[in-house]
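Shown next, in structure tokens, is the structure this report addresses.
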Amino acid sequence: MSKFAEQAERVAQICAAVATAAFLSSGLVYLYLGRWTVTMQDYWVIYETCLNHSWLQAALTKDNYQPLFFPSLIWLADLRFFRGDQQLLFFAGMILLFCTAALLLVPLWRDKTTGLTAKLAATLVVTVGNFWMGRGSIITSGGFLCLCSLAVGGAVLAFLWLPATRSESPRFLKAYLIVLASAFVASLSFGSGLAVWPTLLLLGWGLRLPGRSLFVLLAGGLTAAVVYVLLPGASGQVPSETLPLLLAGGKGLQHLCLLLGAPFLYAEAAWSSLPISDDLAATSLLSLSCGALGLIFAGLAAAPKLMRRDLGQSQLELSALGLVIFNLVAMAVIVVGRAAYFVTNPSQLSAPRYLFWSSLFWTGLLLVAIQRAESKKWLRWPVCLLALALPIGVFPSHYKQGLSWRFANYLAESAATSLINGMRDDQRVKILFRDPQQVYRMAPKLRAHRLDMFADGLQDWIGRYQTSLFSGRHGWKHFNGRCHIDALVKDTDGDTAARVTGWSVKTKHAIPKVLVLVDAEGVVCGVARSWRTNRLISRIFYQGRFAGSSFLGYIRNYDPQRRYIVRCADDRILSDEQIIVGDK
């Protein structure tokens, strides 16, 4: 190797390592600051099942046609022992996400057919594929992250142990148990996890596993399908008109290509700063063409290996092809299961929630390309440069989604504050769930069990005299700020209430976390909570967009003729100083 080639190799390795560290750090910051800190979306329905049924009944019941047995054990334990702490649930999901990434990296770094440059480039691809904020609708939610990571992680673990199921292997019995157990975890964690069984059969065929091994895998898949059908809840039977819908004008193939190519649409839209309209999401030529190319590349990568039955020469290739086939089958199942829905709502073909699966499809394809390029010198550097360009290509969408989910975090915290105060502030609550009535129906149950936003008992302060709070403890000098009436709303009793917004600081520029609103008689008529982002983090990761601090609270039974004040209540000590609430 020439001196120039050695230097180029070293530069490529350094760039890959630095890009991996930078993208991972930004992803972790965006994920943590944009995470769901309160109950959101489908969990208002899932938690209703959990609180109205026994552990076993809740775990076995399908939700929206999805089996959630294994992940439900995590959030059931969180509800029972940790009062529905969404932060704890998020960390559980992050651990599973790291485990999934590690399962992809283990065969990569053990693979002897790839060099150090290829391994670093592949590590970068795995990092981007798992921590890209385009997948934020799934990975910012602790619950969704648990169920999807269990499905993918279980599948990848099964792929790793599949070659060891040969009878000549000294660990074949252990391998059988791990493969079957992992596949069942994937199958019963999310509906898309059922794609693990056809994937294992195809990989087993390519590995030349004996007939009895393939029979065991087939029996396992049929058993999983039967268990899925027998679980309580709707099983999502495919309507009779689905096949004509899929075949008409090649709709099925078109929908699959649009789903697979959606990551390119989001990346391009972030570069051009153009919003993704419903029409663009349903008819994007970029998504369609990239998805079609993805199908072609997947066929070229997998078909020859499966036809010749010569898989297994590279651990990286086996895991990467398994990831490609698994996510392709999962997306095909989505296309079939939602054929009628996509016809009436074509814009949903580019819904962000599907990026979780399509991004892993492209991750697998790039890993296959990196492994194959090692034996073809003319292809090695183009593939390596493509891997190095990947974080640059997706970073604008990564940043914008990180920004968007940080703002969503603020809206969710505001909505939770409205529920703590017993408000019916539809404008805020819609961020929590598409149907505010479901939230209002479930909030009293969470309050009764002191779960999630009600766990700290802030709601118990309302209606008490301020002198009775915290045994009369007071202090917190140098508390000041400004606030005003932002809008008039209704509480759960139909009475008029006021929404208060403002900012406040206390000693040494610290930001108060909890505040109380007090009327002229000294009665606590509402609570407020603050929201802020560290100035340094805001400057580095958000371009200073969230440098300030603010708080939001409510005044129950609002009377415009009365005088109201705000006092800090951090650490269960009431501040001596106060802020006067201004007019609307």
Side-chain angles (χ1 to χ4, degrees), residues 38-39 83-84 413-429 432 436-437 439-476 479 481 483-502 504 506 512-531 551-584:
V38 296
T39 302
R83 301 188 297 179
E413 284 291 313
S414 300
T417 302
S418 76
L419 295 177
I420 292 172
N421 283 275
M423 297 293 117
R424 296 181 69 89
D425 193 346
D426 290 356
Q427 181 183 346
R428 300 281 172 169
V429 169
L432 298 181
Q437 298 307 315
V439 177
Y440 298 142
R441 185 168 61 251
M442 272 299 296
K445 295 183 179 180
L446 295 182
R447 182 190 295 264
H449 290 84
R450 302 180 76 85
L451 300 174
D452 198 1
M453 70 281 291
F454 302 106
D456 293 332
L458 302 183
Q459 64 278 2
D460 299 334
W461 299 354
I462 301 173
R464 296 173 59 183
Y465 282 98
Q466 60 179 340
T467 53
S468 68
L469 290 179
F470 323 132
S471 301
R473 292 195 300 273
H474 57 90
W476 290 123
F479 168 67
C483 64
H484 65 278
I485 304 296
D486 181 71
L488 298 181
V489 295
K490 296 291 185 180
D491 63 20
T492 52
D493 298 325
D495 297 325
T496 301
R499 185 169 66 211
V500 179
T501 57
S504 62
K506 56 186 182 182
K513 296 180 181 178
V514 182
L515 309 100
V516 293
L517 294 107
V518 183
D519 64 16
E521 283 75 35
V523 177
V524 176
C525 54
V527 296
R529 300 195 302 168
S530 65
W531 186 89
F551 71 80
L552 177 141
Y554 292 83
I555 299 173
R556 293 179 64 96
N557 300 314
Y558 175 67
D559 182 353
Q561 303 302 319
R562 287 191 173 188
R563 178 176 177 271
Y564 298 91
I565 61 171
V566 179
R567 302 179 70 176
C568 176
D570 281 354
D571 303 325
R572 295 187 174 272
I573 299 175
L574 209 59
S575 66
D576 291 327
E577 297 178 345
Q578 60 193 31
I579 303 171
I580 298 175
V581 179
D583 294 331
K584 181 177 178 182

Restricting to non-hydrogen atoms, name the atom on [X] and the atom on [Y] that form the minimum distance, rounded to 0.1 Å.
X      : Y      : answer
Ala498 : Leu488 : CB-CD2, 4.1 Å
Pro512 : Asp570 : CA-OD2, 3.2 Å
Met453 : Ile420 : O-CD1, 3.4 Å
Ala528 : Gly553 : CB-CA, 3.5 Å
Gly526 : Asn421 : CA-OD1, 3.3 Å
Ala569 : Val516 : CB-CG1, 4.1 Å

Residues that Asp452 engages under side chain to side chain contact (heavy atoms under 4.5 Å, CB included), provided they are two or more places apart =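 Asp452 satisfies side chain to side chain contact (heavy atoms under 4.5 Å, CB included) with Val38, Thr39, Gln86 only.
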
If we only count heavy atoms from C-beta on, is the [X] to [Y] side-chain gap below 4.5 Å?
X      : Y      : result
Asn557 : Cys525 : no
Val527 : Leu515 : no
Gln578 : Val518 : no
Asp576 : Phe479 : no
Asp460 : Arg450 : yes
Met423 : Arg556 : yes
Thr501 : His484 : yes
Val514 : Asp456 : no

query = Can you list the residues that meet the side-chain hydrogen bond (donor to acceptor under 3.5 Å, both in side chains) rule with Asp425, with sequence neighbours excluded?
reply =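 Listed in chain order: Arg499, Tyr554.
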
request  = Show your reasoning for whether side chain to side chain donor-acceptor pair (under 3.5 Å) applies to Tyr440 and Asp426.
outcome  = CA-CA 10 Å; Tyr440 298 142; Asp426 290 356; 2.4 Å; yes

message = Between Arg529 and Leu458, is the side chain to side chain contact (heavy atoms under 4.5 Å, CB included) condition met? List the steps.
response = CA-CA 10 Å; Arg529 300 195 302 168; Leu458 302 183; 3.9 Å; yes

task = Measure from the side-chain N and O atoms of Arg447 to the backbone N and O of Leu419, and report whether any donor-acceptor pair falls under 3.5 Å.
result =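 It does hold such a pair.
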
ask   = When you measure from the side chain of Ser575 to the backbone N and O of Cys568, does any donor-acceptor pair fall under 3.5 Å?
value =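 Between the backbone of Cys568 and the side chain of Ser575 there is a qualifying donor-acceptor contact (under 3.5 Å).
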
CA sep, side-chain torsions, deciding dist, call: Arg428, Leu552, side chain to side chain contact (heavy atoms under 4.5 Å, CB included) = CA-CA 11 Å; Arg428 300 281 172 169; Leu552 177 141; 3.7 Å; yes

task = Decide whether Asp491 and Tyr558 meet the rule of one side-chain donor and one side-chain acceptor closer than 3.5 Å.
result =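 Their side chains do not contain a donor-acceptor pair, so the 3.5 Å distance test is not met.
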
task = Report yes or no: do Gln466 and Arg567 form a side-chain donor-acceptor pair below 3.5 Å?
result =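 Distance-only check passes for Gln466 and Arg567.
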
How far does [atom1] of [X] sit from [atom2] of [Y], to the nearest 0.5 angstrom?
X      : Y      : atom1 : atom2 : value
Thr492 : Arg424 : OG1   : CZ    : 7.5 Å
Ser414 : Gln427 : OG    : CD    : 10.0 Å
Cys483 : Ile565 : SG    : CD1   : 10.5 Å
Lys513 : Asp571 : NZ    : CG    : 7.5 Å
Lys445 : Phe454 : NZ    : CZ    : 13.5 Å

task = Take Arg562 and Glu521, measure what side chain to side chain contact (heavy atoms under 4.5 Å, CB included) needs, and give me the verdict at the end.
result = CA-CA 10 Å; Arg562 287 191 173 188; Glu521 283 75 35; 3.2 Å; yes

request  = State whether the number of non-hydrogen atoms from other residues, nucleotides or ligands found under 6.0 Å of Tyr465 atom OH is greater than 12.
outcome  =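 Count not over threshold, so no.
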
remark   = From the list Val500, Ile485, Val581, side chain to side chain contact (heavy atoms under 4.5 Å, CB included) with Tyr564 holds only for Val581

